[in-house]
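Here is how names work: the chains are called A, B, and so on, in the same order as the sequence lines, proteins then strands, and each is numbered from 1. Side-chain atoms are counted along with the backbone in the values below, which use heavy atoms only and exclude waters and symmetry mates. Every value quoted in this text rests on a predicted model; they were computed, and no experiment measured them.
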2 protein chains.
Amino acid sequence: MDVKTLCLGVLNRSEASGYEIKKAFEEGAFAHIHAASFGSIYPALNILCGEGKVVRRDESQDKRPDKKIYSITEAGRAALHLALMEPPAADRVRSDLLFILFFAQLLPAERLARLIDERIAWYRGHLQRMDCDDKAETPSAHPTPGERFVCGMGQAVYGAAADYLEQNRDTLIAEVEAAARFVAE
Amino acid sequence: MDVKTLCLGVLNRSEASGYEIKKAFEEGAFAHIHAASFGSIYPALNILCGEGKVVRRDESQDKRPDKKIYSITEAGRAALHLALMEPPAADRVRSDLLFILFFAQLLPAERLARLIDERIAWYRGHLQRMDCDDKAETPSAHPTPGERFVCGMGQAVYGAAADYLEQNRDTLIAEVEAAARFVAE
DNA sequence: GGTTGCATGTAAATGGTTACATGATTGT
DNA sequence: ACAATCATGTAACCATTTACATGCAACC
């Protein structure tokens, strides 16, 4: 899934500026699915424009720079449908945290505690945000079945991760400290 | 986390060839943490060798090409420790599947069913593999607390994902089909 | 006075994947 | 006969990130 397709996906829900598309990947509906930076979104949007898959409209705002609002076209919808019918690449997870925790016995207990606590807080924060989205987010007062399904999946996975960290945090730290004492003797 | 650090991590558990390191990221202990291809592993190993962080030893095998087995050095361990003390980058997930399912209403029900079923099977397969690792995997008859913790996290997350897919599969498909009928009228 | 949020963009550097090249063995 | 597993490596290509460039408004 390249950034172009990702942008078409966001724009299929509702028209948006490049800035708003980035937010969709950061805090919005696509947060736990994919990521994209400005450096990839803006060029992608320009290419899509040239291909007739989106159209640009300028909206002047007072006291702010102009917004360039992109809307998906029929050609864009067709391209999105086509991409959705392709076999999906395997999920890719890269977690520095888990890599670090893998070597827990090499780290001071305080660092373990902080890393795990921070991650729990991160998960809980995102879970709350997702919950709010269900009720409050404007663009989809009527979220589609797909949106609800994917959001639910995110909640299930994040919830399980947070619960696991909470339930095993103390055991890990205790074991690491016990091992350290054993080595010291 | 660059591939060099990832390799040091694998080699910190036990010496290995480039080929075996790749397997650690594909099916081994690091499978759900990070990924790396031959095109990045072999060059990384050569650089680490030049930096004195690993040493190479050639093992001739009959009826097979020579194996180049890498072992971590003290300098390598120091480099790994240093990397482990750095603040971890945020986890990155990129899931084509969830992106596709987000637009479930644009897809035929059979495709939804197949995609979800395949993914459930994938999760269940990996869960079984992880379980076997606990009992059978050679290099760590005594897995460290960190290894057990990370493995447990993988099981918790994969289990939650598989359960969610199983429990919501039929509802999603029914909703999408209901919506399709509604449009047809 | 500094940071955060809004808003768009470019260019260089990075980091990694994909494809290619090679070759024997084992299983279907 | 063909695919898969074992085994190493290179080079071209790619996509994306990072850093830079610009600027105003609101908040602390």
Q.
From NZ of B:K67 over to C1' of D:dC6, roughly how many Å is that when rounded to an integer?
A. 9 Å
**Q.** Nucleotide C:dC6, atom C1' - distance to CD of A:E59 in whole Å
**A.** 14 Å
Q. Passes ring pair (Phe, Tyr, Trp, His ring centres under 6.0 Å), A:F149 versus B:Y164? Steps please.
A. CA-CA 9 Å; A:F149 184 86; B:Y164 180 86; 5.4 Å; yes
Q) What nucleotide, of D:dT8, C:dT17, D:dT16, holds the atom closest to the side chain of B:K68? A) D:dT8
Q) With a cutoff of under 4.5 Å between side-chain heavy atoms, which Ile, Leu, Val, Met, Phe, Trp and Tyr residues group with B:F38? A) B:Y19, B:Y42
Side-chain donor-acceptor contacts of residues 174-181 of chain A below 3.5 Å, not counting sequence neighbours, with atom names and distances?
| from | atom 1 | to | atom 2 | distance (Å) |
| --- | --- | --- | --- | --- |
| A:E175 | OE2 | B:R148 | NH1 | 3.2 |

Q: Mind listing the residues from residues 30-52 of chain B sitting with a heavy atom below 4.0 Å of DNA chain D? Number order is fine.
A: B:F38, B:G39, B:Y42
Q: Tell me what B:F25 touches on the nucleic acid: a base, only sugar-phosphate, or nothing, going by heavy atoms under 4.0 Å.
A: nothing
Q: For A:D58 and C:dT8, give me the distance from atom CG to atom C1', rounded to whole Å.
A: 11 Å
Q. Between atom CE in A:M1 and atom C1' in D:dC14, what is the gap in whole Å?
A. 18 Å
Q) Can you check the A:E20 CD to C:dA7 P distance for me, whole Å? A) 6 Å
Q: Round to the nearest Å and state the distance from B:R94 atom CZ to C:dG16 atom P.
A: 13 Å
Q. Is there a side-chain contact between B:N46 and B:Y70 (heavy atoms, below 4.5 Å)?
A. yes
Q: Would you check, one step at a time, whether the test salt bridge (Lys or Arg N to Asp or Glu O under 4.0 Å) holds for A:K68 with A:E20?
A: CA-CA 10 Å; A:K68 298 185 178 172; A:E20 286 161 352; over 6 Å; no
Q: State which of C:dC6, D:dT16, D:dA7 makes the closest approach to the side chain of B:Y19.
A: D:dA7
Q) How close or far is atom P of C:dT14 from atom CZ of B:R92, stated in whole angstroms? A) 16 Å
(Q) Between B:R56 and B:K23, which residue's closest nucleotide on DNA chain D lies nearer the 5′ terminus? (A) B:K23
Q: Note down the inter-axis angle between the two ends of the helix from C:dG1-D:dC28 to C:dT28-D:dA1, five pairs each, to the nearest 10°.
A: 50°
Q) Can you check whether A:I100 reaches B:M1 side chain to side chain, under 4.5 Å on heavy atoms? A) yes
Q) Linking I/L/V/M/F/W/Y whenever their side-chain heavy atoms sit closer than 4.5 Å, directly or via other members, would A:L45 and A:I69 fall into one cluster? A) no
Q: Please list all pairs passing the salt bridge (Lys or Arg N to Asp or Glu O under 4.0 Å) test where one or both residues lie in residues 69-80 of chain A, with sequence neighbours left out.
A: A:E74-A:R77
Which pairs of donor and acceptor atoms, one on a side chain in residues 81-95 of chain A, lie under 3.5 Å apart (sequence neighbours left out)?
| from | atom 1 | to | atom 2 | distance (Å) |
| --- | --- | --- | --- | --- |
| A:D91 | OD1 | B:S95 | OG | 2.9 |
| A:D91 | OD1 | B:R119 | NH1 | 2.9 |
| A:D91 | OD2 | B:S95 | OG | 3.2 |
| A:D91 | OD2 | B:R119 | NH1 | 3.0 |
| A:S95 | OG | A:L98 | N | 3.1 |
| A:S95 | OG | B:D91 | OD1 | 2.9 |
| A:S95 | OG | B:D91 | OD2 | 3.2 |

Q. Rounded to whole angstrom units, what separation is found between the CD atom of B:E26 and the P atom of D:dA7?
A. 14 Å
